[in-house]
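By convention here, the first residue in the shown sequence is residue 1.
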Amino acid sequence: MATFINEPSHTFNEYLLIPGYSSSECVPANVSLKTPLVKFKKGETPAIMMNIPMVSAIMQSVSGDKLAIALATEGGVSFIYGSQSIEDEAAMVKRAKDHKAGFVKSDSNLSPDATMADVVALKEKTGHSTIAITDDGTAEGKLLGIVTGRDYRVSRMDPSTKVSEFMTPFSKLVCAKEGTTLKEANDIIWDNKLNSLPIINDAGQLCYMVFRKDYDSHKQNPNELLDASKRYVVGAGINTRDYAERVPALVEAGVDVPCIDSSEGFSEWQKRTIAWIREKYGDTVKVGAGNVVDAAGFRFLAECGADFIKVGIGGGSICITRETKGIGRGQATALIDVCAERDRYFEETGIYVPVCSDGGIVHDHHITLALAMGADFVMLGRYFARFDESPSNKVSIGGTYYKEYWGEGSARARNWQRYDLGGDKKLSFEEGVDSYVPYAGSLKDNVALSLSKVKSTMCNCGALSIPELQEKAVLTLVSATSIVEGGAHDVIQKNKEAIKQ
């Protein structure tokens, strides 16, 4: 006979935090949101610590290289979507890793025979105004000059004007030789009041570019998450079918953490994938796994060797797995159950495996609730899909801007690998929808606002760190009536737009 759990599973919306004693030290400026991304042994330091507890979902409409750069700048990690060719995903990872390496391979290059029209077109394509002019128009050719926005005027020049006529020639450039350290390169930039510094080899071929804005960016973003080589930390999605080809390509591109992207992780397929990675790379390649919704699922993946484990089935805003297949669990209940098992596993083995809450986050305060319930960090899809940096299109509907947002199990994405159970290589039925989300502007501004709310709530609970929040938090279930009571009610709200008019 089937096993029945008669207690209902709950969502984040059914819980509230009860305030605790707040000392004079409990102010948002003193709160640390640092949290481990990968497992570690008791007494040791995690190989990767995030500065904020936020990662982006492994989705076509969410996590490309631009969002990976923007989120790492704020201290989190983006998991670039895996439902694309191995070559394209690896290229995205490499672009994100190279962006903040200090020494950047030039992605804007032309030959001297190109025209001003080519310069304008390339600038529109890459968004970069500094263009290296090499003998063959490649990033490794012999450097002949540089073109910036100061070298031409679209309104005053013929579009067919050759680049050779208006570029700053090599003889007038300040360059550095290959082998120059990043500190030395930045000193040259400052001493010569440059915006960029080409790095060339003995043959005069372009090796790298160093930009002043990267130095300024580091000073303006103290939380940015960097690896040992001062490159942004980047994650990427993998599946349980082509991992033997995809993982090596991603590792070669510099990925920090691959993560198995699957709607259900309690499976032999994930065990095989993790085992293959461990056999080939040992512990040098970290890998996330999931998704699971109970203690048994967590224990299985922890014993398989997962470096972090994702929790959640059917809770995403575009996910219809519960409707189509009848499986899943309320996100709050699933998280509480899994985190209790995580703690038991830590007591037994001395190995702490971080838990990622994936799905079910509707409001900013749900992030704090997830952390209080035991999550080490949260994975967000809809939240990040709204921003400028997500890969989807911005569209105007009825005078209001939206961003397109679709699930990996939708007909649009057709990510059959995510729902693979060893059958035909196709998506038999949809487990996600195609939708819109309200456009919200830049990632930086929104993340700052969301985390200010998290910090404020943590102070109300008397906690200055995520582990302290998990230790001190007192949560209460709320009734349907009290949920209504928690919002504006029994008043006639003023129409702000009407007042303005």
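Residues passing the ring pair (Phe, Tyr, Trp, His ring centres under 6.0 Å) test with F308 are F79, F377, sequence neighbours excluded. By the ring pair (Phe, Tyr, Trp, His ring centres under 6.0 Å) test, Y402 is found to be paired with no residue, residues two or more places apart in sequence or in another chain being considered.
Relative to the ring axis of Y232, K97 does not place its NZ or CZ within 45° and under 6.0 Å from the centre. For the pair R386 and F384, the cation-pi test (distance below 6.0 Å, angle within 45°) is failed. In this structure, K403 forms no cation-pi arrangement with Y439, as its terminal cationic atom is not both closer than 6.0 Å to the ring centre and no more than 45° off the ring axis.
What you find for A96 and I69 is that their closest heavy atoms are CA-CG1, 4.0 Å. Counting all heavy atoms, side chain and backbone alike, G82 lies closest to I58 at N-CG2, 3.9 Å. Here the shortest heavy-atom pairing between M458 and L464 reads CE-C, 4.3 Å. Nearest heavy atoms, A68 versus S78: CA-CB, 3.4 Å.
In this model, no donor atom of one side chain and acceptor atom of the other lie less than 3.5 Å apart for T130 and S196. In summary, the side chains of D118 and T115 do present a donor paired with an acceptor at a separation below 3.5 Å, with no hydrogens or angles considered. No side-chain donor from either of D113 and S111 sits under 3.5 Å from a side-chain acceptor of the other. With hydrogens and angles left out, the side-chain atoms of S61 and S392 include no donor and acceptor closer than 3.5 Å. Inspection of the S357 and Q331 side chains reveals an N or O donor paired with an N or O acceptor under 3.5 Å. Counted by atom type alone, Q60 and S83 present one or more donor-acceptor pairs between their side chains at under 3.5 Å. Residues D151 and T168 have side chains that bring a donor and an acceptor to within less than 3.5 angstrom of each other. In this model, no donor atom of one side chain and acceptor atom of the other lie less than 3.5 Å apart for N201 and E178.
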Test side chain to side chain donor-acceptor pair (under 3.5 Å) on D364 and S450; report intermediate values, then the result. CA-CA 6 Å; D364 286 343; S450 296; 3.0 Å; yes
Could you go through the side chain to side chain donor-acceptor pair (under 3.5 Å) check for N13 and T11 one step at a time? CA-CA 5 Å; N13 228 33; T11 67; 5.8 Å; no
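In this structure, the side chain of N30 engages the main chain of E25 through a donor-acceptor pair within 3.5 Å. Not a single donor-acceptor pair under 3.5 Å links the side chain of N393 to the backbone N or O of V395. The closest donor-acceptor contact from the side chain of S63 to the backbone of A57 lies under 3.5 Å. The backbone N or O of Y152 lies less than 3.5 Å from no partner atom in the side chain of R156, so there is not a single donor-acceptor pair. Remark: side-chain polar atoms of Y405 are paired, donor with acceptor, to backbone N or O of R382 under 3.5 angstrom. Of the possible polar contacts, none joining the D242 side chain to the E245 backbone as a donor-acceptor pair under 3.5 Å is found. No donor-acceptor pair closer than 3.5 Å links the side chain of N221 to the backbone N or O of N223. For D358 (side chain) and G312 (main-chain N/O), no donor-acceptor pair under 3.5 Å exists by modelled atom type. Looking at T240, its side chain never comes within 3.5 Å of a backbone N or O of Q270 through a donor-acceptor pair.
Atom NZ of K394 is surrounded by more than 12 heavy atoms from other residues, nucleotides or ligands within 6.0 Å. By the neighbour-count criterion of 12 heavy atoms within 6.0 Å, atom NZ of K455 is densely surrounded, having more than that number from other residues, nucleotides or ligands.
Atoms CG and CZ, from D65 and R95 in turn, are 4.0 Å apart once rounded to the nearest 0.5 Å.
Taking the six-membered ring for Trp and thresholds of 30 and 60 degrees, H363 and H366 have ring planes more than 60 degrees apart, a perpendicular arrangement.
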